[in-house]
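Take a look at the structure below.
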Amino acid sequence: MRKHFTYKAVTFAILIILSTAFVSSAASAQGFEKKNYNYSEWTKGRFSEAVTVTGPGKMIFLAGVGAEDENGKGGDILHKGDFTGQCKYAFDKIKRLLDKHGATLADIAKMVTYLTDVRYQPDFGKCRQETFGTIPMPAHTLLTISQLAWPGMIIEIDVTAMVPLK
C-alpha cells in the first residue's frame, strides 16, 4: 500500500511539474503585437489615435529628449534659434537611445512633444514626417508651453516604446 501511495505522489508531482512547464511555455509563446489605429480621416499620417500592445514585452521610457549636447555640460543646447535643427537632432538622439535598448522608431507607442511656440507646429509636422517616413505614427500629444528645461530649448519629446521580450 505504501508503494502505491508513493507511486501516486510521484506521478502527481510529475504532472504538476509538466503542467507548470506547459503553462509557462504557452505564456512565453504568446505573440507580441503592436497595432496602430486611426478612426478619423484627418489623423491618418499625423498620429495614431490609439496604439495597442498585446503580449509579453519590454517598455522603454525616454525622458524628454531635446537638443542638449550629450558631450557638453548641463544647459549646452545645440542649434539655438533653429527649430528644424533642434527637431532633427532630438529625433536623431531618440533613434540612438532606442537602438541602445533594441528598439526602433517603429516600436514607439506614445510620444508627447512640447514646443515653446505654437507657430513651430507646421515645422514640427514636417520634421516628424521626414523622420518617420512610412512608419505608422505613434499615438501623439502636442503641447505648447512657456519654457523648457534649459534656456534656448525650443522642442522636447517624451517617448514610450515597446519591444517583444527575447
[X], [atom1] atom: more than 12 neighbouring heavy atoms under 6.0 Å:
{"X": "Lys44", "atom1": "NZ", "answer": "yes"}
{"X": "Glu130", "atom1": "CD", "answer": "yes"}
{"X": "Lys88", "atom1": "NZ", "answer": "no"}

Linked hydrophobic residues, Leu115 as query - side chain contacts closer than 4.5 Å: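 Reading the cluster by chain and number, Leu115 sits alongside Ile60, Leu62, Val65, Phe83, Phe91, Ile94, Leu97, Leu98, Leu105, Ile108, Met111, Tyr120, Phe124, Phe132, Ile135, Met137, Leu142, Ile154, Ile155, Ile157, Val159, Val163.
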Grab the two heavy atoms, one from [X] and one from [Y], that are nearest each other, plus how far apart they are.
{"X": "Thr116", "Y": "Met153", "result": "CG2-O, 3.5 Å"}
{"X": "Gln86", "Y": "His79", "result": "NE2-O, 3.3 Å"}
{"X": "Gly31", "Y": "Pro56", "result": "O-CD, 4.0 Å"}

How would you list all residue pairs meeting salt bridge (Lys or Arg N to Asp or Glu O under 4.0 Å) that involve residues 56-68, not counting sequence neighbours?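 Listed by first then second residue: Glu68-Lys93.
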Is Gln129 reaching over with its side chain to a backbone N or O of Gly133, donor-acceptor style, under 3.5 angstrom?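 Judged by distance alone, yes, a pair lies under 3.5 Å.
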Quick one: list whatever passes salt bridge (Lys or Arg N to Asp or Glu O under 4.0 Å) with Asp158, sequence neighbours left out.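 Applying salt bridge (Lys or Arg N to Asp or Glu O under 4.0 Å) to Asp158 gives none.
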Using the test salt bridge (Lys or Arg N to Asp or Glu O under 4.0 Å), find all partners of Asp92 that sit at least two apart in sequence or belong to another chain.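 Salt bridge (Lys or Arg N to Asp or Glu O under 4.0 Å) list for Asp92, sorted by chain: Arg96.
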Euclidean distance, Asp76 CG relative to Glu70 CD, rounded to 0.5 Å: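 The CG atom of Asp76 is 11.5 Å from CD of Glu70, to the nearest 0.5 Å.
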Applying disulfide bond (SG atoms under 2.5 Å apart), which residue pairs with at least one partner in residues 124-166 are found, sequence neighbours left out?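 Every pair satisfying disulfide bond (SG atoms under 2.5 Å apart) with a residue in residues 124-166: Cys87-Cys127.
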Please list all pairs meeting disulfide bond (SG atoms under 2.5 Å apart) that have one or both residues in residues 134-166, counting only residues at least two apart or in different chains.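 Listed once each, the pairs would be none.
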Determine, stepwise, if the pair Thr131 / Arg128 fulfils side chain to side chain contact (heavy atoms under 4.5 Å, CB included). CA-CA 5 Å; Thr131 300; Arg128 182 182 55 166; 5.5 Å; no
Can Met59 be reached from Phe32 by stepping across I, L, V, M, F, W or Y side chains whose heavy atoms are under 4.5 Å apart?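 Yes, it is one cluster - the side chains of Phe32 and Met59 are joined through contacts under 4.5 Å.
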Verify same cluster id: Val118, Ile145 (apolar side-chain graph, 4.5 Å):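 No; Ile145 is not reachable from Val118 via cluster members.
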Between Lys126 and Asp123, does at least one N-O distance fall below 4.0 Å, as a salt bridge requires?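 Looking at Asp123 together with Lys126, the answer is no, because their closest N to O distance does not fall below 4.0 Å.
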Of the options Lys35, Lys34, Glu33, which is the one that meets Val53 in a side chain to side chain contact (heavy atoms under 4.5 Å, CB included)?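 Option passing the side chain to side chain contact (heavy atoms under 4.5 Å, CB included) with Val53: Lys34.
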